[in-house]
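Values reported hereafter were calculated over all heavy atoms of this structure, with side chains retained and with hydrogens, waters and symmetry mates removed. These figures come from a predicted structure and were not determined experimentally. In what follows, chains carry the letters A, B, and so on, assigned in the order in which the sequence lines appear, proteins first and then strands, with residues in each chain numbered from 1.
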Number of protein chains: 2
Amino acid sequence: MPNNFPFQRLQADLAELIDKTPAGQRLLNEPELAKQLGVSRATLREAIRTFEVQGLIRRKQGSGTYVVGKIKALDSGLEVLESLETVAKRQGLKTTVSDLVVETIVADDETKSVLKVHANTKLTRVRRIIRAEGRPVAYLIDILPESVLHPDDLPANFNGSVLDFLLARGDSLVSSRADISAIDGTAEVSKQLEIQRGDVLLHFSSHLFDENNKVVDYSLSYFIPGYFHFHIVRRVGNG
Amino acid sequence: MPNNFPFQRLQADLAELIDKTPAGQRLLNEPELAKQLGVSRATLREAIRTFEVQGLIRRKQGSGTYVVGKIKALDSGLEVLESLETVAKRQGLKTTVSDLVVETIVADDETKSVLKVHANTKLTRVRRIIRAEGRPVAYLIDILPESVLHPDDLPANFNGSVLDFLLARGDSLVSSRADISAIDGTAEVSKQLEIQRGDVLLHFSSHLFDENNKVVDYSLSYFIPGYFHFHIVRRVGNG
DNA sequence: TAAACTCAATTTGTCAGACAACTAGACTAA
DNA sequence: TTAGTCTAGTTGTCTGACAAATTGAGTTTA
C-alpha cells in the first residue's frame, strides 16, 4: 500500500472528522487530537493547515479550531481531479456501474495523435455505464496505451474507475485537461444511455497527464443532464 | 500590523518563489530555504504543504521539491475569470455584439434568492447576443442589483461586457462560481439565437462574488456548440 | 566493456519537547 | 455593576533529532 506515510491517512481521517463535526463546533485541541490520530503535533498541524486554506475550518490562537459551514465541501467543483465515483459518493448519490467492458484495440488516427503513439499500438479501452436508481446517467470511456494499463492489470473486483485504480497503484499523475461541450447523443451513445437519439448530453473530453507531461489516458464522458452537477470556481487574476 | 505571524508573509514569499522558478526545477532544500525566509523548518513545511496539495509543486523524499509544470498561465481555461470578449479575442475569433438591451426589472423569486435582495428590489438586466461571421453564437444575460450597476452608469460606447466594465471601474471582484450544464434551447433563447427550439446548447449559470462573498452579478450564458472552446485544467489533489 | 552491486551524502518525512502569544472565563476590587 | 487582574487552556513557532528514500559515485563482477 502506498499509504505508508501518516500524512495521507491523516488527511482522510481529518476530512472525515471535519465532515461529521457540526458547523461552528470546536475540534479537540491539537495535542490530544494528535495523540488520538497517532501522529505528532507537527504532522497534524500540516494536515490541519491544508484544510484551513481550503476554508473548511478556522483557527483562533488561544481559543481553538472551529469547523465552518461546510456547504463548500459537499459539492467541490471541477478544479480537483477525482473520479466520478468519488464525486458521487460525496454527493450522496447512490450509483452502480454496469456494462463494464475492458478490451484491447489498436490505435486509430484520433487516439494515435492524442496519446502520441505509433499506428497499430495496442491500447486498452475501458467502457462502462454509471446508473443512479437503476437508470443510466453517464457513459464513460477511457483509452490508455497497453504499456500504461494492461487489461490483466485490473483486479477482479475492479470498480470501473480507471483514475482511482491508477492513483491507488501509485502512478504519478499530475493534471487533466477537460474540454467541455454540449452535444446531441450519437447512435451508439444514445443506445448505451437508453435515450432518444439526438437528446442533449453534456460531454467532457479529457487528457490525463503524468509528471512528464505525457498523456496517459484519453477519456470521453457523456452525461445526461440533471444528475451530476458540475461547477467551477473562477478566480480573478492568479490566486 | 496584520502580518504578525510569519505564516502569511511566508505564503506570499513562497508563492512568488514558486511562480518565478522554471517548471521542473528543484527548489532549495528545506533547511536552507527556511533560513533564507527567516522561519523554522516546521513552519516552512506547513506552507509548502499547502502548495503541494494545490498541485503546484511535487516533493520526493530523498530527492527534493520540484516546481510542476504550470500550464495554467499559458492556455488559461475556465479557471481564470475573464469576459467572453477577452476569450474570443485570444482565440482569434472575430465577434460582434448585437441586440444589446439594458433595462430595469424588479426581483422575482429566482433573482431574489440568488442575489439575496428583498422582493421588489430594482435590478439591472443586461442582455446581448454575440455573433461570429454574422451568425449568433452566444446569448448572455447579466442581472445585478441597481445599487451595483445602474443603467445610467454604462457609457455610450459600452461593449456589452459587464465583467469588463466592473473590473475597469475598480470593483473588488474575487471569484465566480459557474454551474455547467447542457440544455435544450427554450423558446425565448432559441429565438434569440436563431436556432430550432430544442437544439442543444451549452449553459453556464454563474454567480459573481465580491470580497465580502456577496453576489454582485447573476449571469446566464447560452452557447451554440462549436464556436467557443471551453476547457479546464484539473489538478490531482493529494489524497 | 558493461552491467550489477555497495555505500555514503543529500533531502524529505516524522517526531518530541519547549516556550511564546493569545483567548476566554473566573475572580477580585472599586 | 463595572472594570481590572489573573490563570488555565489553546494555537503559533522554534529547535534538534532521527528515520526513510533518492541519487550518484565508486567498486565489483560477468
Side-chain angles (χ1 to χ4, degrees), chain A residues 1-15 17-18 21-68 169-172 174 210-212, chain B residues 1-14 17-18 21-22 24-68 236-239:
Chain A
M1 300 296 173
N3 278 7
N4 277 336
F5 289 140
F7 188 80
Q8 312 217 1
R9 180 185 40 215
L10 176 59
Q11 264 204 329
D13 289 346
L14 255 187
L17 176 62
I18 292 173
T21 300
Q25 189 168 321
R26 207 185 68 182
L27 295 183
L28 231 48
N29 62 60
E30 293 180 354
E32 189 61 30
L33 198 52
K35 201 169 135 195
Q36 282 198 14
L37 296 174
V39 296
S40 73
R41 194 178 154 222
T43 302
L44 172 66
R45 281 184 55 82
E46 279 191 37
I48 286 183
R49 185 74 86 173
T50 68
F51 288 99
E52 189 191 18
V53 297
Q54 288 176 52
L56 294 171
I57 56 176
R58 193 174 98 258
R59 293 199 279 189
K60 266 166 64 173
Q61 183 174 358
S63 176
T65 302
Y66 301 84
V67 175
V68 330
R169 197 174 65 175
D171 283 21
S172 57
V174 170
D210 70 5
E211 59 187 348
N212 302 317
Chain B
M1 293 308 154
N3 277 5
N4 274 339
F5 296 117
F7 189 80
Q8 311 210 7
R9 186 203 328 265
L10 176 59
Q11 263 204 329
D13 289 346
L14 255 187
L17 176 62
I18 291 173
T21 299
Q25 190 169 316
R26 207 186 69 184
L27 296 181
L28 234 47
N29 62 59
E30 293 179 354
E32 188 61 29
L33 198 53
K35 201 167 133 195
Q36 282 198 15
L37 296 174
V39 297
S40 73
R41 192 177 156 223
T43 302
L44 173 66
R45 282 184 56 82
E46 278 192 40
I48 286 184
R49 184 74 85 174
T50 68
F51 288 98
E52 190 192 17
V53 298
Q54 288 177 53
L56 294 172
I57 57 177
R58 175 168 290 258
R59 292 199 279 188
K60 285 206 320 205
Q61 184 173 356
S63 175
T65 302
Y66 302 85
V67 175
V68 54
V236 175
N238 197 356

**Student:** Can you tell me the distance, in whole Å, between the CG atom of A:L37 and the C1' atom of C:dT14?
**Tutor:**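 Value for this atom pair: 15 Å.
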**Student:** When rounded to the nearest 0.5 angstrom, what distance separates CG in B:L44 from CZ in B:R49?
**Tutor:**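 Going from the CG atom of B:L44 to the CZ atom of B:R49 covers 12.0 Å.
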**Student:** Give me the atom names and distance for the closest heavy-atom approach of A:P22 to A:V67.
**Tutor:**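 For A:P22 and A:V67, the tightest heavy-atom pair comes out as O-CB, 3.9 Å.
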**Student:** Can you identify which nucleotide, out of C:dA16, D:dG12, D:dC14, has its nearest atom closest to the A:R59 side chain?
**Tutor:**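 From the listed options, D:dG12 comes nearest.
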**Student:** Can you list the residues that meet the salt bridge (Lys or Arg N to Asp or Glu O under 4.0 Å) rule with A:R41, with sequence neighbours excluded?
**Tutor:**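 Only A:E30 meet the salt bridge (Lys or Arg N to Asp or Glu O under 4.0 Å) criterion with A:R41.
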**Student:** Can you tell me how far OH of B:Y66 sits from CD1 of B:I57, rounded to the nearest 0.5 angstrom?
**Tutor:**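 B:I57 atom CD1 to B:Y66 atom OH measures 12.5 Å (nearest 0.5 Å).
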**Student:** Describe, as an angle rounded to 10 degrees, how the axis at the first end of the helix from C:dT1-D:dA30 to C:dA30-D:dT1 is tilted relative to the axis at the last end, five pairs per end.
**Tutor:**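 Comparing the axis at each end, I get an angle of 10°.
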**Student:** Take atom CG of B:L33 and atom P of C:dG13, then tell me their distance rounded to the nearest Å.
**Tutor:**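 That distance rounds to 13 Å.
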**Student:** Could you pull out every donor-acceptor pair under 3.5 Å between side chains of residues 31-39 of chain A and any protein atom, sequence neighbours left out?
**Tutor:**
none

**Student:** Protein-nucleotides 17-19 of chain C N/O pairs closer than 3.5 Å?
**Tutor:**
residue, atom, partner, partner atom, Å
C:dA18, N6, A:R41, NH1, 3.3

**Student:** Over how many whole Å does the gap from B:L10 atom CG to D:dG12 atom C1' extend?
**Tutor:**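 My rounded result for the distance is 13 Å.
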**Student:** How many Å lie between CD on B:E32 and P on C:dT11, as a whole number?
**Tutor:**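 Rounded to whole Å, this separation is 10 Å.
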**Student:** Please report, rounded to the nearest Å, how far the C1' atom of D:dG12 is from the CD1 atom of A:I57.
**Tutor:**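 In whole Å, D:dG12 C1' lies 14 Å from A:I57 CD1.
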**Student:** At a cut-off of 3.5 Å, list every protein nitrogen or oxygen paired with a nitrogen or oxygen from nucleotides 7-10 of chain D, distance to 0.1 Å.
**Tutor:**
residue, atom, partner, partner atom, Å
D:dG9, N2, A:G62, O, 2.9
D:dT10, OP1, A:R26, NH2, 3.4
D:dT10, OP2, A:N29, ND2, 3.2
D:dT10, O2, A:G62, N, 3.2

**Student:** Rounded to the nearest angstrom, tell me the gap between atom CD1 in B:I48 and atom C1' in C:dG13.
**Tutor:**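 That distance rounds to 12 Å.
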**Student:** State the CZ-NZ distance between B:R26 and B:K60, to the nearest 0.5 angstrom.
**Tutor:**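 The distance works out to 11.0 Å.
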**Student:** Report yes if a side-chain nitrogen or oxygen of A:R45 is closer than 4.0 Å to either non-bridging phosphate oxygen (OP1 or OP2) of D:dT11; otherwise report no.
**Tutor:**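 Looking at the OP1 and OP2 atoms of D:dT11, neither is under 4.0 Å from any side-chain N or O of A:R45.
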**Student:** Take atom OH of B:Y66 and atom P of C:dT10, then tell me their distance rounded to the nearest Å.
**Tutor:**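 Result: 15 Å.
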**Student:** List in chain and number order the residues that pass side chain to side chain donor-acceptor pair (under 3.5 Å) with A:T65, two or more places apart in sequence or in another chain; answer none if no residue qualifies.
**Tutor:**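 Partners of A:T65 by the side chain to side chain donor-acceptor pair (under 3.5 Å) criterion come out as none, since no residue qualifies.
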**Student:** What closest approach, in Å, do A:T21 and A:Q25 show between heavy atoms, and which atom pair accounts for it?
**Tutor:**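 Shortest heavy-atom contact: CG2-CB, 3.9 Å.
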**Student:** Does A:R9 have a side-chain nitrogen or oxygen under 4.0 Å from the phosphate oxygens OP1 or OP2 of C:dG13?
**Tutor:**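 No.
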**Student:** Any idea which heavy atoms bring B:F51 and B:Q11 closest together, and the distance?
**Tutor:**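 That closest heavy-atom pairing would be CZ-O, 3.4 Å.
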**Student:** For the pair made of CD in A:E52 and C1' in D:dG12, what is the distance, rounded to whole Å?
**Tutor:**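 After rounding, the reported distance stands at 11 Å.
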